[in-house]
Amino acid sequence: MITTLFKHEILRTWRWLGLLTLGAALVVSAATLLATVFPAPVNLAFGVVAIIVAALYPFAVQLLISLDFYRSCYSKTGYFTAAIPEKGSTIFGVKALYAYLVSLLALVLDLGLLLIAAIGIGSASGIPASATIDTVFSSLAMVWELPAWLLVSLIVIVVFLPLTGITPYFFAATVGSEAWINRSGFGGVVLVWFLFYLASQLVGVAAVFFAPVADLNAFPDVTVFYDPMRLATAANDAQYLPLGIFGWMLVMAVVGMWWAKVSYSRKLELR
């Protein structure tokens with residue numbers, strides 16, 4: 001049954017996901033090409049367009065795959081989804097895992113889009129494509145110079161990053177459709193999303209000042225300290241990385257998705 005559920009998720013979404021990816025690739029590629037052909041300042045405008053589209057692509061995928069989850073579970077088709085002879089937690093788990101995998105794939109594809117866009121914005125500034133590529137790969141090589149614990153942490157953050165993107169939407173779709181707010185329609189979903197976003201920002205601000213901070217000023221030698229006042233009074237060019245901000249992102253994502261699963265499996269309300 002799980003394989004069948006995954007199959008239906010793919011069949012329902014592959015067309016618009018493919019069109020979105022193809023559209024983003026064409027726009028970024030065309031804008032980059034025009035940035036290398038047109039004179040200033042028109043070339044810079046095309047370079048900016050390429051960067052914006054590349055940067056927004058993974059967020060667009062996360063938003064649309066989450067809207068698809070809402071539509072398939074709480075619109076008219078929600079009755080068909082709820083009628084599937086499988087536990088609600090399993091149905092939700094498949095949909096959440098599929099959305100995560102799609103978002104992760106979009107993040108990987110976006111690396112290529114960002115590289116193309118970087119070439120475009122570099123060309124608009126008079127930097128050859130080869131120099132831009134060398135700079136990008138040199139920056140990536142510096143990552144491997146990080147201490148093992150920080151490198152592993154970075155990998156974990158990247159792997160969980162798509163989850164932090166879809167969790168607010170899944171949480172809003174499920175909790176915002178419960179009986180206590182169901183009469184508000186989609187407005188209830190938007191309200192719950194805003195409350196989740198607000199709570200995340202408040203926790204994030206607190207985490208910045210009440211969690212350890214990595215000092216990168218002596219890179220590749222990285223030290224960790226806990227001193228809120230030192231962070232608050234640091235100069236603008238100080239290379240400090242608040243580790244708490246990543247910790248709260250992961251915690252909020254895991255807790256929010258677990259809450260959404262419980263909401264869907266135990267408090268499902270269809271309109």
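Every heavy atom of this structure was used, including side-chain atoms; hydrogens, water molecules and symmetry mates were not. Computed from a predicted structure; not experimentally measured. When a residue number appears, it is its place in the shown sequence, counting from 1.
Formation of a donor-acceptor pair under 3.5 Å by the T32 side chain with backbone atoms of I116 is found in this model. In this structure, the side chain of T21 does not engage the main chain of G18 through any donor-acceptor pair within 3.5 Å.
For the atom pair T36 OG1 and F46 CZ, the distance stands at 10.5 Å (nearest 0.5 Å). Note that the CH2 atom of W258 and the CZ atom of F92 stand 11.5 Å from one another [nearest 0.5 Å]. Here the straight-line distance linking atom OH of Y100 with atom OG1 of T164 works out to 10.0 Å at 0.5 Å rounding. Distance OG/S200 to CH2/W193: 9.5 Å, rounded to 0.5 Å. Considering CG of L161 and CG of L250, their distance stands at 9.0 Å, rounded to 0.5 Å. Atom CD1 of I65 and atom CD1 of I166 lie 9.0 Å apart (nearest 0.5 Å).
Between Y264 and F170, a ring centre-to-centre spacing not shorter than 6.0 Å is recorded.
Cluster membership for L111 and L154, using ILVMFWY side-chain heavy atoms within less than 4.5 angstrom, is not shared. V255 and M257 sit in two unconnected hydrophobic clusters of ILVMFWY residues. Membership requires side-chain heavy atoms under 4.5 Å apart, directly or through other members. Following chains of ILVMFWY side-chain contacts shorter than 4.5 Å, one cannot reach V28 starting from L44, and the two form parts of different hydrophobic clusters. No continuous path of ILVMFWY side-chain contacts below 4.5 Å connects I133 to I121, so the two sit in separate hydrophobic clusters. Hydrophobic cluster membership differs between L67 and F59, with clusters built from Ile, Leu, Val, Met, Phe, Trp and Tyr side chains linked at under 4.5 angstrom.
Minimum interatomic distance between Y70 and A173 (heavy atoms only, all atoms of both residues): CD1-CB, 3.8 Å. Here the closest non-hydrogen pair linking G120 and A35 is O-CB, 3.6 Å. The two atoms that bring A199 and M252 nearest to each other are C-CE, 4.4 Å, heavy atoms only. For the residue pair A118 and I51, the shortest heavy atom distance occurs at N-CD1, 4.1 Å. Across all non-hydrogen atoms, the minimal contact from A117 to A54 is CB-CB, 4.1 Å. Residue L114 comes nearest to A55 through the heavy atom pair CD2-N, 4.1 Å, listed as atom of the first residue, atom of the second, then distance.
No side-chain heavy atom of S103 sits under 4.5 Å from any side-chain heavy atom of L107. Between I10 and K7 the shortest side-chain heavy-atom distance does not fall below 4.5 Å. Using a 4.5 Å cut-off on side-chain heavy atoms (C-beta onward), Y74 and T174 make contact. Annotation: side chain of F186 is in contact with side chain of V190 (closest heavy-atom distance under 4.5 Å). Between Y57 and L109 the shortest side-chain heavy-atom distance falls below 4.5 Å. Residues V102 and T13 have side chains not in contact (no heavy-atom distance under 4.5 Å, counting atoms from C-beta outward).
For W16, the CH2 atom is densely surrounded, since the number of other residues' heavy atoms within 6.0 Å is greater than 12. By the 6.0 Å contact criterion, CZ on F6 is enclosed, its count of non-hydrogen atoms from other residues, nucleotides or ligands being greater than 12. For I2, the CD1 atom sits in a loose shell: 12 or fewer heavy atoms of surrounding residues, nucleotides or ligands are nearer than 6.0 Å.
A perpendicular orientation is assigned to the rings of F171 and W259, their planes being inclined by more than 60° (bins at 30° and 60°).
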